[in-house]
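Worksheet for the structure shown next.
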Amino acid sequence: MKAYKIMKIVTCLFLTALITGCAGFQNAPDWTYAAYNRLEDFKQAALEGRTAIAERHFQHAVEEIKKSGDLVLLGRAYLNHYAVQIALLESFEDGEFQKIQAVHPDRENAVFLLFLKGNFHRTDSTLLPPPYAAAQKDILEGREQYDVHQRVRLLRDLREMPDDLSRLIITGRLVLSGYEEEEILKDALEIASRHGWKKVLLIYLNRLQIFYDSRKEHGKARIIGDKINLIH
């Protein structure tokens with residue numbers, strides 16, 4: 001399998017680092033390495049809170065991918081960006097992605113965008129990476145009644161994600177869609193702490209503080225507030 005194909009698999013899985021062993025492939029185009037590395041640098045900087053640097057890395061990744069003329073891959077680069085924004089509980093504008101789709105539509109890309117937007121009923125799960133498809137299925141099955149059984153299933157889906165960033169993406173989508181639980185938020189905090197992703201850490205600490213306040217657990221909320229002040 002050529003490194004070019006591996007690069008496409010990486011972006012198809014969107015945020016799973018799956019470029020193991022590329023150095024062993026002959027005739028690998030330089031742009032595949034450069035684009036992959038720039039995307040990885042973008043993700044790391046964005047999650048740490050170095051926003052301006054992150055955007056520079058992303059633009060460099062885009063320029064490398066443009067060298068190939070592969071619009072499907074270019075669209076997936078933008079999906080990487082949007083997915084990181086969801087992990088950070090941010091909204092996103094998809095104008096650049098839609099320009100690409102207008103010229104070269106891709107069903108898998110379109111479906112993943114619907115998932116990132118929380119349009120679960122319009123998302124064809126057969127075109128999602130399997131871990132994301134499992135989460136979508138469990139969201140749809142219990143949408144009308146968010147009970148303990150669905151909570152257990154969604155937590156299971158989170159913990160079966162292949163990597164920590166994918167777990168954060170699902171967490172972000174769940175939180176933004178109203179599926180917010182103490183255990184889910186704490187899981188995100190553990191991931192952020194382990195990787196040193198300070199922006200993620202502060203975002204989910206703030207979210208957990210609001211969560212406790214909304215349930216009148218003001219003592220817990222104050223402790224979280226004190227922690228935020230110490231590490232801000």
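A cation-pi geometry, defined here as NZ or CZ lying under 6.0 Å from the six-membered ring centre and within 45° of its normal, does not hold between R38 and F42.
For the pair N109 (side chain) and V72 (backbone), a donor-acceptor distance under 3.5 Å is present.
Here the straight-line distance linking atom CD1 of I223 with atom NE2 of H218 works out to 13.5 Å at 0.5 Å rounding. The distance from atom NE2 of H195 to atom CG of L168, rounded to the nearest 0.5 Å, is 8.0 Å.
Atom NZ of K227 sits in a sparse spot, with 12 or fewer heavy atoms from other residues, nucleotides or ligands closer than 6.0 Å. Within a 6.0 Å sphere centred on CZ of R159, heavy atoms belonging to other residues, nucleotides or ligands number more than 12. The neighbour count for R194 CZ, taken as heavy atoms of other residues, nucleotides or ligands under 6.0 Å away, is above 12.
Contact between S91 and Q85 at its shortest, heavy atoms only, is O-NE2, 3.1 Å. The two residues Y179 and I184 come nearest to each other via the heavy atoms O-CD1, 3.9 Å.
Between H104 and L74 the shortest side-chain heavy-atom distance does not fall below 4.5 Å. Looking only at side-chain heavy atoms (C-beta outward), L71 and V103 come within less than 4.5 Å of each other.
Ring geometry, F97 versus Y82: the interplanar angle exceeds 60°, so the pair is classed perpendicular (tilted spans 30 to 60°).
One finds no salt bridge joining K186 and E183 here, because no Lys/Arg side-chain nitrogen approaches an Asp/Glu carboxylate oxygen to under 4.0 Å.
Under 3.5 Å, the side chains of E64 and Y33 contain no donor-acceptor pair of N or O atoms.
Screening E55, R76, E96 against H81 for a side-chain hydrogen bond (donor to acceptor under 3.5 Å, both in side chains) leaves a single residue, E55.
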Worked verdict on E182 versus K220 for side chain to side chain contact (heavy atoms under 4.5 Å, CB included): CA-CA 11 Å; E182 180 181 24; K220 289 183 178 181; 3.9 Å; yes
